[in-house]
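Report on the structure given below.
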Amino acid sequence: MPVRALLHYALEVPDQSVGEKFYRTFGLVDQPARDEAVHLRPGTLGRACTLLYGGPRKRLHHLAFGAPGDEYEAVRESIRQAGVREADPPPGAPDGGMWIRDPDGHHVNVRPEGSQDPPADPPLATNSPGHIQRQVVRGSPDRHAQVAPRKLGHVLLFTPDVDRQVDFYTRVLGLKLSDRVKSIIAFTRCTTDHHNLAFLASKGPGFHHASFQVGSVDEIAVGAARMHEAGWQKGWGLGRHVIGSNYFHYTRDPWGSFAEYYHDLDFIPEECAWVPRDFPEEDSLYVWGPPLPPEFVENTELT
Ligand SMILES: [Fe+2]
């Protein structure tokens with residue numbers, strides 16, 4: 001029985017206030033909390049998706065998944081049957097749920113909660129050949145409009161063993177493999193999103209990026225420009241991925257990992273004939289966009 005939601009990710013960072021400023025500029029809002037972590041959430045959701053703990057250097061503190069109702073005990077049984085022992089939570093972790101460690105040593109929290117969907121946007125009104133959806137209305141976006149991530153979509157982790165991570169998360173927590181490139185990168189899901197957790201090969205574990213859904217390509221670009229103006233000038237995009245198909249822009253965070261805006265990700269219903277594909281390495285990363293900056297694939301936690 002699978003988990004049904006990626007609820008939040010928590011990082012340990014050397015300066016929580018710098019991290020808070022970064023993510024607030026990115027468009028998240030503070031969520032008051034009683035523990036020592038900074039909690040941030042999308043403006044329309046009531047639950048934090050990004051937690052920042054103090055620590056000597058940036059690293060993943062934990063990941064949290066949701067399994068609502070009866071599925072919570074079913075996940076516990078799946079964990080037991082897989083021979084995985086429940087673990088103690090990391091220091092300062094939120095109360096509730098059960099804890100395990102993944103093969104890379106990351107703490108994973110499974111909580112008896114379901115996903116929260118953001119309110120629907122009005123339909124996009126675009127004009128394309130043969131399909132006029134906007135008449136007598138100017139379409140150019142307001143460059144001062146609010147950039148508001150709607151939800152946390154996915155997290156990408158570095159790992160020394162992509163296959164071992166895919167095996168663990170599919171067998172123990174029930175995520176499904178969506179697509180992969182050999183043992184270089186793999187994308188798994190626990191919702192209808194193409195991916196919620198992905199793994200990229202490296203010499204060791206690490207946090208690569210978290211990705212947030214926004215309402216349009218314009219909103220990606222306006223958000224990216226705003227991050228740039230605020231001094232967060234390194235990153236990658238605007239572009240379009242091959243795997244997952246989403247438009248993307250990544251801004252480098254204060255610790256050398258990234259925060260991504262995405263729009264128009266592939267949707268995979270629970271019951272459907274989706275067949276995971278093993279993509280050729282040379283045609284797997286992006287269809288168009290600026291050249292890949294070398295630091296994009298650098299695991300800064302190794303040094
Ligand atoms: Fe991503």
Side-chain angles (χ1 to χ4, degrees), residues 5-9 11 22-23 26-28 40 42 49-50 58 60 63 65 106 118 147 149-159 162 165-166 169 175-181 184-202 205-217 219-221 223-224 227 232 234-253 255-268 276-277 279 281 283-301:
L6 173 64
L7 300 176
H8 68 250
Y9 66 102
L11 302 178
F22 174 84
Y23 278 113
F26 188 78
L28 299 182
L40 297 128
C49 60
T50 303
K58 185 267 296 176
L60 187 72
L63 285 179
F65 294 92
H106 299 305
V147 174
R150 310 298 199 276
K151 66 171 186 177
L152 169 67
H154 61 265
V155 165
L156 172 62
L157 301 177
F158 287 115
T159 175
V162 169
Q165 286 289 64
V166 170
Y169 281 93
L175 282 84
K176 292 178 183 166
L177 179 68
S178 293
D179 284 311
R180 68 184 307 151
V181 181
I184 300 169
I185 190 165
F187 298 83
T188 66
R189 67 185 188 278
C190 59
T191 71
T192 50
D193 289 340
H194 177 275
H195 50 280
N196 303 106
L197 182 61
F199 307 103
L200 176 60
S202 177
F207 168 81
H208 183 277
H209 76 264
S211 187
F212 298 82
Q213 186 186 39
V214 293
S216 64
V217 178
E219 192 171 346
I220 295 180
M227 294 300 281
W232 308 105
K234 287 198 166 175
W236 184 40
L238 176 73
R240 188 148 199 178
H241 278 307
V242 175
I243 301 177
S245 308
N246 55 298
Y247 298 95
F248 64 83
H249 185 279
Y250 299 83
T251 300
R252 200 168 202 236
D253 70 20
W255 322 286
S257 38
F258 296 86
E260 177 187 16
Y261 295 118
Y262 79 87
H263 178 71
D264 196 15
L265 185 75
D266 290 337
F267 179 95
I268 308 176
R277 186 176 161 199
F279 282 75
E281 188 178 355
D283 180 26
S284 59
L285 190 53
Y286 66 121
V287 182
W288 56 262
L292 182 72
E295 68 266 19
F296 187 74
V297 289
E298 184 191 349
N299 184 355
T300 54
E301 294 176 42

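For ligands, and for the atoms within them, numbers begin at 1 and follow the listed sequence.
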H209 backbone or side-chain N/O/S under 2.8 Å from the Fe ion (ligand 1): yes
Identified ring pair (Phe, Tyr, Trp, His ring centres under 6.0 Å) partner of Y261 from the options F212, F26, F248, W236: F26
H209 side chain to H154 side chain, donor-acceptor N/O pair below 3.5 angstrom: yes
Q213 and N246 side chains, donor-acceptor separation under 3.5 Å: no
Euclidean distance, L157 CG relative to Q165 CD, rounded to 0.5 Å: 7.0 Å
Under 2.8 Å: N/O/S of H241 next to the Fe ion (ligand 1): no
Closest approach to the Fe ion (ligand 1) by E260, given as the N, O or S atom name: OE1
